[in-house]
Each structure stands twice: as C-alpha cells, then as structure tokens.
*Asks:* 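I have a structure I would like to understand better, so I am pasting it below and will then ask my questions one at a time.
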Amino acid sequence: MPGPSTLAPYGCWASPLSAEALGGAQIGFENLRSVDGRLYWTENVPAAGGNLVLYNMGEDAVAAALTPQSSNVRTRVHEYGGAPYVVVGNTVYYSEFADQRIHALKPGGAASALTPAGYRYADCAAVPQSDSAGSALIAVREDHTDPAQVRNTLVRLALPGHGRGELLYADSDFVAYPRLSPDGKQLAFITWNHPHMPWDSTELKVARLSGERLEPPITIAGGAGESVLEPQWDTDGTLYFISDRSGYWNLHAHRTAGVHAVWPRAAECARPLWSLGQANYALLGDGRALLRFGERGLDRLALLDLRLGGAQILDLPYVEYAQLARVDTQHVAMVAAAADAPRAIVRVNLGNGSVQTLRRAAPALLEPMAVSIAVPIEFPSAHGRSAHAFYYAPLNPNYRAPPGTLPPLLTRVHGGPTAQASPAFATAIQFWTSRGFAVLDVNYGGSSGYGRPYRLRLEGNWGVVDVEDVVAAARYLGLTERADPMRTAISGGSAGGYTVLVALSSSAVFRAGADYYGVSDITALARDTHKFESRYLDSLIGPLPAAQAVYDSRSPLNHLDGFKVPLIVFQGADDPIVPPNQSARIVEALRQRAVPLAYLLYPGESHGFRKPENIILSLQSELSFYGQVFGFEPADTLPALTIEHLPPASAH
C-alpha cells in the first residue's frame, strides 16, 4: 500500500519520469511489414542519435537488428519519408538517409549502393521475375538533380543492376502506393497534383504492366473533393482502397461490377498521408480483412467479411493502432498503444482474440496508478462550433496540492495542422501531469479523426479556427475549474508552433508559450518550403499573389505589438520544412521589443528532435521556463535557463 502523500504546490511535485529517462526512452516503431511470416520494422535508437535501425523477428519472437546503428534506414521523399525499405527473398533494399541511395543488404554481407546520388526512393514494390523481364522494384522516385525542379515519378529498378531506374509514370506532381496485382500484371497507384494535398483530392489509377513498360492507366476512383488512399489487391483480384467520398475514410472495393463501400460507417479508417506506407487494414486472403477504424479520436479493430460486409469488433485493451501486417490467415501484427502503457508491437490471434506482445517501445516508467488517463471532452468554441480535446488531470500518488488551489494548464497544439491528438500513453504528457500540471491536448477544427467536414473547417481559416479553438479550450478548463486561468501555457510544434505564435499575439488567455520550430512568416514559408507542402497554403490561407493581404494579416511577425507574455523558442538548425529563419526572425523582433524570451537552436537537428541530449534539454528548459514565469520551484535539478527581459515581479 502506498504511504501518505506529501503536500506540495502543483508544479513542484517530484516525478519518477526524469527528462533523462524520457530522452533515452523515446523509441518508436515505424514501417512494420510481414514477409513470409517474418516481421520487419524500423526502430529509432536514441544511443545512435535517433538513427532508424531495421529489425526483424521470426516465430521465436526474438528481435534482431539487420542494419548497424551507424546506418539510418530513412528516406527523405516528401521530407517526411516513410516506407524506406522492401524485402525480396533474402535481400533487403533500403534507403540510406545519409546519401538517399537505395542499398542492398544480404545476410552476413555489407550493404552496397545501387542507385546514384541526387535521387530519393520510397514505397517500393517487388516485381517477380518473368519470362519477359527480370526481377525488379517499382519505386516512388524523387529527382533532386535540379533542386529548383524536383520531380516525383514511378520508376522500375532492375535487380540486381545499378542505375537511377527506368521511368514508368510521370504525369502527376506526386505518386504513392505502387501495388502489384497477385499475377504481377497490373499496377495500382495513387496520384495527386498541386495545389492539393493527399488528404484533399487524389486519384486511384490502374495500369497494365507489360514487361518493362507501363501502359496508359485508367482512373478507378478519386478526383476533386475525394481522398483515396492505400490500394491493396486481394488474392481473388479485387482491388481494395480507402476513400472519404462519404465524408469519412472508409474501406471500398473495386470489382467488375464497380466500386462499393465494404463497411459504411461514420468512422475514420485512415490518417492523412504525411508519411508514405501507412497500413490501416490487412487482407487475410480468405475473404476477410482486419481494419483499424477511429471514432471520436479512439481507435478500434473490426474483423470484416469482405463479401457480406459484416463485422466483428474486437475488444482489446488499446486506444490506437497502426501498421497492420498480415502474418497468416489467423494472425495480424501491428503497432498498438494503450492509454496507460507505452506502445508495443503485438500479434493478435483472430481465432481466440488473444494478444502476444512482441516488443515494447520502452519500459513502464510509471505504475498504472500513477498514469493520468486521457478524458475526451467536447467544448464550445467560436461561432457556435464545438471542438474536441483530451484532458489529462495532474496525478502523482506521492503528492497532493494545497486545498483550494488549481493546477497550471499546458495546452498542447499538434502539428500538421491536419494531424491528430491521440489518447495513447505518452511520456511527453505524463512528464507534466506527474509534476502537477493539467494537460489539454486539442483536436481543433481541421484535425483528422472526426471526418472530412471537420478537416475542412481549416480551409482558408488557418490561424483563425485553430486559434479560436485552442483559446476556447483553455477558457473552458478555467471555467470548469480544472485549471488555474492565471497560469495557462500553450505549446506546439511546426504548424502547432504557428498556432502558438498567433494565439499569443492575438489573445490574452495564455500567460506563456513554447514554440517548437513554428512558422512566424507564412509568406516566407510559401517561398522557402519543400515541394510536398509548397502549395499547402493555397487551401489553408489562399493562393498567392491574390491572397497576399491575408498572408500578411495572419503572420505573427506582423503582429509584434500583440506579444506581451514570455515565449520560449526551440529550433533545429537543419530543418528543411520550417527553415530556421522562421524562428530567428521572430526571436530577433521580440528581443528588440524586450518581450521576455528564451531561444534554443540545435545544430544537426531537422524537423523534430531525435538526439536524446536535445530532447532532454528541451524538456528541462520548458519546465524551467514555466517555473520562472509562473513562480514555482520545480523539484528537478535543471540546467540554467536565462529568460531575457523577464522582470522578477512577473515570475509570481
């Protein structure tokens, strides 16, 4: 039985979750695949500076690294990457981050590069050898030989030869998901064009593959106002895919009779295609499929009868699923996350519903009784709208707060902005709740997980709807007496960092802010960002130059007089998505106005921090920042952090 709790103010609680533990425990699983009954995945290794190492596992459930920690199995296609490897027989073909070339690796051998410099590859599909052509890969290729004119195409890479690949398809701005039919004679793939993003409008195409040539494709589904994702061929020749034509991403089938929804439901069965290769369903090869679906931010699994459309919903102790991979007709592996424990690779037995945990992302650093569980809330926002969030109460069994006091509030803003806050266990949230913070993780209008109309709320309204919703969320927590309205902070990264800056410049509800590589000048972002997002602002703000006045009005850099409260800024020096000048300019402008400010720039970091030492320093610095601003003394021993222009009186 636990002993009596200690009386201490919120924010001053000693937590079992140290920043050092979090920095060394930020293991993530990506790109889970099953090949001939063996599982493969990439796993970031904190001790190797966050490099992604390729692992595999057989029936013995023993994980073995296939690539050394000095290697980094990661592609930069679209800058966000995804699907960086494919396994053919006993050979792994993977993208090496350092040079972006495809490398071949056989058991016991050393990796050798197959493709030339200047090209990036991802989302490969293996072409079986036939009488007319040898074995090959079909890959998404991103040509950077002319940086001013990046080109995305489908190519055929002959094996085991060397070369940049023979062009198969080049008639769209973007391509993804090349998937071969069981007989190898047809290729399905997804295309889209500027100014659309893949969650706006895509097309599913099918073309006959004749030897080394792809015949002209036909469009099966998609088009303006429809996002189609993740085509998969079943053993009977049926082509399945996910489409949001109903207003929700649902599973559909294309047969000779046409296209129909397999299991219509007001649920999201996919996520925005930021990273290539997401796998939201697994075809079992016997007329069934296992499908991930989300309702009101919570994931579940459904075992579908593909012909009759019936479904059995599985009752499993998880709230988020990703990367479903068929092992055999009775077993599917996936990355699963619970509300009270770290993510894990698990194998589900569809016969009896049992679950085998194969590999955990991290040790359980908190006892279950010490984990603050996400509570979904729906709150009123501007103009009669309602929005969604997950609320986490402060929780530490060893402490209690003085009666009549309320905790400081940390409002978190996800990136994207079409991403989604999840109720899954996250040490980055428990770090704060175990110290006495209330945390609110907001799914503002424009977030995924609630259907296409909810995503479209941000169309033309970035910097408006998202800001209105996060402000309303913080006010709602104060009005319901779950947080101290005088100690409210807002923190976000990338697009979330932009929302932080706009909220601080236009509202008085937040008393402090943390901006991680956020956008301060959206006109400069439109000019400087990479191809994948170079026209994203057309839908979020408006097309240039016609909407220049709107860009100017919504750029935080043009509203410096609105900044009154302390701000801490974190930035990777090598960020190609939100370039460092975005942070440098707002920092210098606020410095000249004597706004309380701290700035941390990390050499060698890109978009999102991977090095343990930088993850640790960021957490410690953000905690020290709030302690100084809100006038409490954290129990942690923290490195010195200077907040420029912070008057002593403002720390209380």
Side-chain angles (χ1 to χ4, degrees), residues 28 30-31 42 52 72-86 94-102 115 118-125 137-155 165 169-179 189-203 227-231 270-280 322-323 415-420 448 493-495 517 519 525-526 528-540 572 574-579 606-608 610:
E30 301 175 30
N31 307 298
T42 56
L52 292 178
N72 194 359
V73 182
R74 182 179 165 204
T75 178
R76 288 185 60 184
V77 170
H78 299 171
E79 294 298 347
Y80 295 98
Y85 72 90
V86 65
Y94 69 91
S95 177
E96 174 59 53
F97 185 75
D99 58 17
Q100 288 300 294
R101 302 164 71 186
I102 292 287
T115 55
Y119 300 87
R120 303 174 183 179
Y121 300 86
D123 214 357
C124 297
L137 303 178
I138 294 177
V140 173
R141 186 184 74 186
E142 196 169 77
D143 181 352
H144 285 258
T145 54
D146 179 2
Q149 189 64 41
V150 175
R151 289 162 290 176
N152 294 68
T153 59
L154 285 179
V155 298
Y169 178 85
D171 293 338
S172 60
D173 290 325
F174 299 97
V175 286
Y177 284 114
R179 299 295 184 262
F189 55 99
I190 299 294
T191 70
W192 69 98
N193 290 298
H194 283 316
H196 301 299
M197 299 299 287
W199 45 88
D200 296 327
S201 300
T202 60
E203 293 186 345
S227 171
V228 180
L229 302 169
E230 200 177 343
R271 297 183 174 95
L273 192 65
W274 284 101
S275 297
L276 294 169
Q278 64 170 275
N280 296 288
Q323 299 296 315
T418 54
Q420 177 183 352
S448 59
S494 191
Y517 36 90
V519 179
L525 179 69
D528 297 340
T529 197
H530 58 120
K531 179 186 176 182
F532 179 65
E533 292 184 82
S534 62
R535 300 290 301 278
Y536 190 14
L537 296 177
D538 284 29
S539 60
L540 292 175
D574 299 336
D575 192 337
I577 295 170
V578 179
S606 182
H607 197 66
R610 291 177 175 267

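Atom set for the values below is all heavy atoms of this structure, side chains included, hydrogens, waters and symmetry mates excluded.
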*Asks:* Taking only residues two or more places apart in sequence, or in another chain, which ones meet Thr42 in a side chain to side chain donor-acceptor pair (under 3.5 Å)?
*Replies:* Asn31
*Asks:* Quick one: ring-ring contact (aromatic ring centres under 6.0 Å, His included) partners of His196, sequence neighbours excluded?
*Replies:* none
*Asks:* Apply side chain to side chain contact (heavy atoms under 4.5 Å, CB included) to Glu203 and list each qualifying residue two or more places apart in sequence or on a separate chain.
*Replies:* Thr191, Lys205, Thr219
*Asks:* Give the minimum heavy-atom separation between Arg271 and Ala322, together with the two atoms involved.
*Replies:* NH1-CB, 4.3 Å
*Asks:* Determine yes or no for a side-chain-to-main-chain donor-acceptor pair under 3.5 angstrom, with Gln149 supplying the side chain and His144 the backbone.
*Replies:* no
*Asks:* Can you tell me if Glu79 uses its side chain to pair, donor with acceptor, with the backbone of Pro576 under 3.5 Å?
*Replies:* no
*Asks:* For His194, what residues pass the ring-ring contact (aromatic ring centres under 6.0 Å, His included) criterion, not counting sequence neighbours?
*Replies:* Phe174
*Asks:* Can you list the residues that meet the ring-ring contact (aromatic ring centres under 6.0 Å, His included) rule with Tyr536, with sequence neighbours excluded?
*Replies:* Trp199, Trp274
*Asks:* Show the nearest heavy-atom pair for residues Asp528 and Pro579, with the distance to one decimal.
*Replies:* CB-CG, 4.0 Å
*Asks:* Indicate yes or no for a side-chain donor-acceptor contact from Asp200 to the backbone of Met197 under 3.5 Å, with no hydrogens or angles considered.
*Replies:* yes
*Asks:* Using side-chain heavy atoms (C-beta onward) and a distance below 4.5 Å, is Glu230 in contact with Leu273?
*Replies:* no
*Asks:* In chain order, what residues pass the side chain to side chain contact (heavy atoms under 4.5 Å, CB included) check against Asp574, with sequence neighbours excluded?
*Replies:* none
*Asks:* Taking all non-hydrogen atoms of both residues, which atom of Ser494 and which atom of His607 are closest, and how far apart?
*Replies:* OG-NE2, 2.8 Å
*Asks:* Provide the closest heavy-atom pair for Ser95 versus Gln100 in the form atom of the first, atom of the second, distance.
*Replies:* OG-OE1, 3.8 Å
*Asks:* Among residues at least two apart in sequence or on other chains, which ones pass side chain to side chain donor-acceptor pair (under 3.5 Å) with Asn193?
*Replies:* none
*Asks:* Contact between Val140 and Leu154 at the side-chain level, heavy atoms closer than 4.5 Å - yes or no?
*Replies:* yes
*Asks:* Which residues satisfy the side chain to side chain contact (heavy atoms under 4.5 Å, CB included) test with Ala526, sequence neighbours excluded?
*Replies:* Leu537, Leu544, Tyr551
*Asks:* Output all residues satisfying ring-ring contact (aromatic ring centres under 6.0 Å, His included) with Tyr177, sequence neighbours left out; order by chain, then residue number.
*Replies:* none
*Asks:* Name all residues meeting the side chain to side chain contact (heavy atoms under 4.5 Å, CB included) criterion together with Thr115; count only those two or more places apart in sequence or in a different chain, and write none if there are none.
*Replies:* Arg101, Ile102, Tyr121, Leu157
*Asks:* Can you tell me how far the CD1 atom of Ile138 sits from the CG atom of Asp123, to the nearest 0.5 Å?
*Replies:* 11.5 Å
*Asks:* Answer yes or no: is there a donor N or O on one side and an acceptor on the other, between the side chain of Arg120 and the main chain of Arg76, under 3.5 Å?
*Replies:* yes
*Asks:* Minimum heavy-atom separation for Pro417 to Ala495, with atom names?
*Replies:* N-CB, 3.6 Å
*Asks:* I'd like to know if the side chain of Ser448 reaches the main chain of Thr418, judged simply by a donor and an acceptor atom lying under 3.5 Å from each other, with no hydrogens or angles considered.
*Replies:* yes
*Asks:* Output all residues satisfying side chain to side chain donor-acceptor pair (under 3.5 Å) with Asp173, sequence neighbours left out; order by chain, then residue number.
*Replies:* none
*Asks:* Is the His78 ring parallel, tilted or perpendicular to the Trp192 ring (thresholds 30°, 60°)?
*Replies:* perpendicular
*Asks:* For Asn72 and Leu52, indicate whether the former's side chain and the latter's backbone hold a donor-acceptor pair under 3.5 Å.
*Replies:* yes
*Asks:* Within this structure, what is the OH-OG distance for the pair Tyr517 and Ser606, rounded to the nearest 0.5 Å?
*Replies:* 9.5 Å
*Asks:* I'd like to know if the side chain of Ser227 reaches the main chain of Pro198, judged simply by a donor and an acceptor atom lying under 3.5 Å from each other, with no hydrogens or angles considered.
*Replies:* yes
*Asks:* Any chance you could measure Ile577, atom CD1, to Tyr80, atom OH, to the nearest 0.5 Å?
*Replies:* 3.5 Å
*Asks:* Mind checking what makes side chain to side chain donor-acceptor pair (under 3.5 Å) contact with Thr202, not counting sequence neighbours?
*Replies:* none
*Asks:* Return the minimal non-hydrogen interatomic distance between Pro231 and Ile190, and the atom names on each side.
*Replies:* CD-CG1, 3.9 Å
